[in-house]
Amino acid sequence: MSRIVFLNGSFLPLEEAKVPFMDRGFLFGDGVYEGIGVLDGRLIDNEAHLERLERSLSEVRIPNPYTRAEWTSLQGEIVRRNGMQEGFIYFQVTRGVAERDFFFPENAKPTVAMFTQAKAIVHAPAAEKGIAVVTVPDLRWERRDIKSISLLAQVLAKQAAKEAGAQEAWLVDEGFVTEGGSSSAFIVTPTGSIVVRPLSHAILPGITRKSLLRLSKEGGIALEERRFTVEEAYEAAEAFLTSASNFVLPVVSIDGRPVADGKPGPITRKLRELYLQMASAPALAAE
Ligand code: PDD
């Protein structure tokens, strides 16, 4: 069975979903997106993702084509039509189709595209073994808090990581780690505190990050919201990343240097466990 995607009001097979040549997403990267984890057919933290979508749209002045209830119903429908149990829903809104011109078009209608990616998140081998990251300069623009579809800097950073034998890039600005190419970056100090960069225009406000901070407080794990340097990360007791498509993933090497003994650490494992419990609890996770 072909994957069913959503495009501008219709559900249709992927092969039939076509976006016009003059779409501003294609020409300018003029759009925003969201990505949401799915577990047991349920959307994880959906309200927070939709809230972030609303903010991204309003920051770039693209009208939101749907209410929250309408988005939720489309998301539920695409999960159902694809019979997806575990994975990721991606959706993006561009400023629409118009002759190429930098100024906002007068009457363009936003283009809305949504698709699913089935993926093992809970039993992913990377979650057991941990992953390697390498640091690369953060070459992105200054509004990284907006989930823009213009991802060229992330594409280049993540490809550089892959070519260095790693699975994620940690982006570095003035010696401090901002975040991962497509994830939030955390370390654990030798005294057992989690360290994560505070929210600002420099990073995306990760939804998994937000849940993780709540869970760490509930679990009595100390937390420091501050910037950390690459050198501090090399000396960390543990490191991990969070994202909607991976939940919590241990980082066991940074720039080829093992993090502590090179194995996923106990605080990371505990946080992953707490996150999985949260994501598996229908009352909390289903929106
Ligand atoms: N990326 N930082 C960046 C730059 C990201 O692209 C992402 C998510 C995150 C984590 O945010 P969240 O917890 O809300 O997923 C942080 C998604 C998964 C992606 O581009 O595929």
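Remember, it's 1-based here, ligands and their atoms both numbered in the order they're listed. Scope of the values below: all heavy atoms of this structure, side chains included, with no hydrogens, waters or symmetry mates.
The pair Glu232-Arg226 meets the salt-bridge criterion, since a charged nitrogen lies less than 4.0 angstrom from a carboxylate oxygen. Salt-bridge annotation for Glu34 and Arg52: present, with a side-chain N of the basic residue lying under 4.0 Å from a carboxylate O of the acidic one.
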Check ligand 1 for close polar pairs with the protein: N or O on both sides, less than 3.5 Å.
{"residue": "ligand 1", "atom": "1 (N)", "partner": "Lys147", "partner atom": "NZ", "Å": "3.4"}
{"residue": "ligand 1", "atom": "1 (N)", "partner": "Ser182", "partner atom": "O", "Å": "3.3"}
{"residue": "ligand 1", "atom": "2 (N)", "partner": "Glu179", "partner atom": "OE1", "Å": "2.7"}
{"residue": "ligand 1", "atom": "2 (N)", "partner": "Ser183", "partner atom": "O", "Å": "3.4"}
{"residue": "ligand 1", "atom": "13 (O)", "partner": "Ile207", "partner atom": "N", "Å": "3.4"}
{"residue": "ligand 1", "atom": "13 (O)", "partner": "Thr208", "partner atom": "N", "Å": "2.9"}
{"residue": "ligand 1", "atom": "13 (O)", "partner": "Thr208", "partner atom": "OG1", "Å": "2.6"}
{"residue": "ligand 1", "atom": "14 (O)", "partner": "Arg52", "partner atom": "NH1", "Å": "2.8"}
{"residue": "ligand 1", "atom": "14 (O)", "partner": "Arg52", "partner atom": "NH2", "Å": "3.0"}
{"residue": "ligand 1", "atom": "14 (O)", "partner": "Ile207", "partner atom": "N", "Å": "2.8"}
{"residue": "ligand 1", "atom": "15 (O)", "partner": "Ala244", "partner atom": "N", "Å": "2.8"}
{"residue": "ligand 1", "atom": "20 (O)", "partner": "Tyr33", "partner atom": "OH", "Å": "2.8"}

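With sequence neighbours excluded, the residues satisfying side-chain hydrogen bond (donor to acceptor under 3.5 Å, both in side chains) with Lys119 are Asn246. Applying the side-chain hydrogen bond (donor to acceptor under 3.5 Å, both in side chains) criterion to Ser184, with sequence neighbours excluded, gives no partner residue.
Sorted by first then second residue, the ring pair (Phe, Tyr, Trp, His ring centres under 6.0 Å) pairs that include residues 111-136, not counting sequence neighbours, are Tyr90-Phe115.
Between the side chains of Gln154 and Ser182, no donor N or O sits under 3.5 Å from an acceptor N or O.
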